[in-house]
Amino acid sequence: APIASSWAEIAGLQDAKGIPALLGELENQGTPDGFFEFGVGQDEKDSTKQIAEIYQGGLSLPDRDYYLVDNKHYAAIRAEYLDHIKAMFTLAGDSPDKAAAEAAAVMQIETAMAKASLSRTDLRDPEKRYHIYTLAELDKLAPDFAWNTYFQTVGIRRFDTLNVGTPDYFKALDGMLASEPLDAWKSYLRWHVLHG
């Protein structure tokens, strides 16, 4: 019952262009960041300033290796994770067939996000996660995501620049918005509300 209104909002999503406003609204209702991590932090090159920051995210498992490393250990975790998603959707009222289809969609999207993500080792390198962009440059990097709509919906005050910690991730995410079916995005968003 507590997530019914969020799931109803997701069900009403008409196309991928509505995702930024919906994502901001879901975050305001308490759903953890889905597609990426956004917030305000200390400027790593000027400690007198706090700046807006945006980084890769969107994964429910701890990091990209859980989705991409090809060995028995990670394969077993992926299988158990898929079973967990199915069980959670079923407990939330979905039929077993629908739950299985939604779990597969979530795994497909999260795996694509993992492929676009920097490794944990690369994220330790400050130069690889510090890229100051203007909002206009962010719009050029990922034009299919309505950034101004998202920022306004989240309710952050106006800013001109931000640290886009993982630019290649956002470029790939932009392509995914165009290529992944709307129903897959709805499953992904439903999962993040439920998981959260």
Tell me every residue that passes side chain to side chain contact (heavy atoms under 4.5 Å, CB included) with [X], counting only those two or more places apart in sequence or in another chain.
{"X": "Ala146", "answer": "Pro20, Thr149"}
{"X": "Asp183", "answer": "Lys186"}
{"X": "Ala92", "answer": "Trp7, Leu194"}
{"X": "Ala142", "answer": "Trp147, Asp174"}

Which residue pairs satisfy the salt bridge (Lys or Arg N to Asp or Glu O under 4.0 Å) criterion with at least one member in [range], sequence neighbours excluded?
{"range": "residues 159-170", "result": "Arg158-Asp160"}
{"range": "residues 137-150", "result": "none"}
{"range": "residues 83-108", "result": "Asp83-Lys86, Asp94-Arg190, Glu102-Arg190"}

Scan the side chains in residues 12-19 for donor-acceptor partners under 3.5 Å anywhere in the protein, sequence neighbours excluded, and list what turns up.
{"from": "Gln14", "atom 1": "NE2", "to": "Gly12", "atom 2": "O", "distance (Å)": "3.0"}
{"from": "Asp15", "atom 1": "OD1", "to": "Lys17", "atom 2": "N", "distance (Å)": "3.0"}
{"from": "Asp15", "atom 1": "OD1", "to": "Gly18", "atom 2": "N", "distance (Å)": "3.4"}

Please enumerate all residues that pass side chain to side chain donor-acceptor pair (under 3.5 Å) together with [X], with sequence neighbours excluded.
{"X": "Arg64", "result": "none"}
{"X": "Thr48", "result": "Asp46"}
{"X": "Gln42", "result": "none"}

> Does anything in residues 57-81 pair up under ring-ring contact (aromatic ring centres under 6.0 Å, His included), and if so which pairs, sequence neighbours excluded?
Replying inline: Tyr66-Tyr74

